[in-house]
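The first residue in the sequence is number 1, and the count goes up from there. Everything numeric here is computed off the predicted structure, so don't read it as measured data.
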Amino acid sequence: MKNQTSNSSDPCISWGILGAGGIANKFAEATRQVDACGLVAVAGRTPGKAAAFAERHGITDAYESYEQLLARTDIDAVYVATTHNIHAECVTLALEAGKHVLCEKPFTVNAREAEALGALAKEKGLFLMEAMWTRFLPCMRQAMAWLKEGRIGEIRQLRANFSFDRPYDPQHRLYNPELAGGALLDAGIYPVSFASMVMGRQPDRILSMALTVETGVDAQSALMFDYGNTVLGVLSTGCNVRQVNRAEILGSEGMILFPETFHGATRVEVHRYSQPMMERREFPHPGGNGFTYEIEEACACIRKGLIESPDLTVQESIDLMGTLDTIRGQWGLRYPGEA
């Protein structure tokens with residue numbers, strides 16, 4: 001069943017995927033829930049991987065070269081689903097080929113790469129957005145509406161954490177510095193982007209600490225954000241520890257709570273200190289896949305001729321990468337090839 005927020009009279013946006021790994025599966029499945037959206041090709045550099053992906057998802061064409069896919073004139077936009085160490089390379093190829101781009105989070109490895117992509121997209125007049133699916137979930141939009149209404153008064157503190165436990169393997173992308181591994185870029189981007197959404201800006205001051213593994217990348221970190229002595233952000237992330245991945249926005253008159261799995265939330269609550277009963281809103285994902293909302297956003301922007309989403313601008317993604325750069329700088333963590 002297609003998502004009912006789509007308009008079936010809209011012109012179809014034809015998509016290709018660069019990268020045939022795990023995250024690309026969610027995107028491919030989600031496209032089936034979005035009207036006027038077609039997935040026609042996939043490319044992967046590992047021999048046989050794209051072909052197997054195409055067969056699994058009923059995609060017509062598979063390539064072992066990104067350039068072959070990008071040469072097609074019938075593809076409007078591409079989803080970059082590669083490991084993030086080559087996001088900048090793949091987005092550049094796509095923009096140079098005249099394609100609109102939705103690039104998986106984190107946007108790039110650092111702010112320098114992100115700035116270059118933003119400038120190129122602007123020069124080409126093409127849409128570019130970081131695929132931070134969390135930002136477009138109905139639960140997040142509901143929370144932002146409650147904040148705008150003043151339901152919890154002045155924001156005093158925000159809390160968010162996202163962690164999971166992946167056994168240590170120095171060759172796995174999460175622990176491999178050659179692939180820009182570490183929990184911060186892979187998982188920490190969720191709470192950091194959440195804080196950016198809520199506050200509408202980056203923190204004035206950051207305090208952080210990390211636990212690293214033998215390869216030198218971070219396996220856990222704790223982050224404290226200071227927003228000018230008015231609001232504190234208390235964030236944590238990790239790839240070797242399990243926790244309840246929740247988020248809270250604490251205000252002078254109440255709180256907004258994402259009680260579990262906040263980054264893919266289907267439930268959000270507002271608690272008023274003066275009222276005994278809380279209000280809960282639930283928003284099940286179409287087909288059980290929350291990626292549908294970011295795809296709808298990208299398609300809608302492309303149809304309108306926009307080069308970025310007003311709800312997640314390219315500049316915000318650049319600024320977010322700058323925040324992650326600052327945090328890594330405090331740890332002395334640089335990846336191969338970084339200046």
Asks: Identify every side-chain donor-acceptor pair in residues 207-216 under 3.5 Å, counting partners at least two apart or on other chains, and give the distances.
Replies:
residue : atom : partner : partner atom : Å
Ser208  : OG   : Gln330  : OE1          : 2.5
Ser208  : OG   : Trp331  : NE1          : 3.1
Thr215  : OG1  : Tyr175  : O            : 2.6

Asks: Search all heavy atoms of Ala160 against all heavy atoms of Ala247 and return the closest pair with its distance.
Replies: CB-CB, 4.0 Å

Asks: Hydrophobic cluster mates of Tyr273, side-chain heavy atoms under 4.5 angstrom, ILVMFWY only, any path?
Replies: Leu250, Met255

Asks: Taking only residues two or more places apart in sequence, or in another chain, which ones meet Asp61 in a salt bridge (charged side-chain N to carboxylate O under 4.0 Å, His left out)?
Replies: Arg72

Asks: Which residue pairs satisfy the salt bridge (Lys or Arg N to Asp or Glu O under 4.0 Å) criterion with at least one member in residues 138-157, sequence neighbours excluded?
Replies: Arg141-Glu297, Arg141-Asp311, Glu149-Arg151, Arg151-Glu279

Asks: For Asp325 and Val109, which heavy atoms make the closest approach, and how far apart are they?
Replies: OD1-O, 3.9 Å

Asks: For Trp133, is the NZ or CZ atom of Lys26 found under 6.0 angstrom from the centre of its six-membered ring and inside 45 degrees of the ring axis?
Replies: yes

Asks: Using side-chain contact (heavy atoms from CB on, under 4.5 Å) as the criterion, list what pairs up with Lys122, not counting sequence neighbours.
Replies: Ile307

Asks: Among all residues two or more places apart in sequence or in another chain, which pass the salt bridge (charged side-chain N to carboxylate O under 4.0 Å, His left out) test with Glu96?
Replies: Lys124

Asks: Looking at residues at least two apart in the chain, or sitting in another chain, which of them share a salt bridge (charged side-chain N to carboxylate O under 4.0 Å, His left out) with Arg135?
Replies: Glu316

Asks: Can you sort out the partners of Asp204 under salt bridge (charged side-chain N to carboxylate O under 4.0 Å, His left out), two or more places apart, ordered by chain and number?
Replies: Arg201

Asks: Give every residue pair that meets the salt bridge (Lys or Arg N to Asp or Glu O under 4.0 Å) criterion with at least one member in residues 251-272, sequence neighbours excluded.
Replies: Glu253-Arg272, Glu260-Arg267, Glu269-Arg280

Asks: Using the rule given for ring pair (Phe, Tyr, Trp, His ring centres under 6.0 Å), can you reason through Phe27 versus Phe291, listing the C-alpha separation, both sets of side-chain angles and the distance that settles it, and then say yes or no?
Replies: CA-CA 6 Å; Phe27 181 88; Phe291 277 37; 7.4 Å; no

Asks: What residue pairs, at least two apart or across chains, pass salt bridge (Lys or Arg N to Asp or Glu O under 4.0 Å) with a residue in residues 38-60?
Replies: Arg45-Glu89

Asks: For residues 167-190, which residue pairs qualify under salt bridge (Lys or Arg N to Asp or Glu O under 4.0 Å), counting only residues two or more places apart or in two chains?
Replies: Arg173-Asp186

Asks: Donor-acceptor pairs under 3.5 Å, side chain of residues 223-241 to any protein atom, not counting sequence neighbours: which ones?
Replies:
residue : atom : partner : partner atom : Å
Asp226  : OD1  : Gly228  : N            : 3.2
Asp226  : OD1  : Asn229  : N            : 2.9
Asp226  : OD2  : Arg205  : NE           : 3.4
Thr230  : OG1  : Tyr227  : O            : 2.7
Thr237  : OG1  : Phe162  : O            : 2.8
Thr237  : OG1  : Gly188  : N            : 3.1
Asn240  : OD1  : Gln220  : NE2          : 3.3

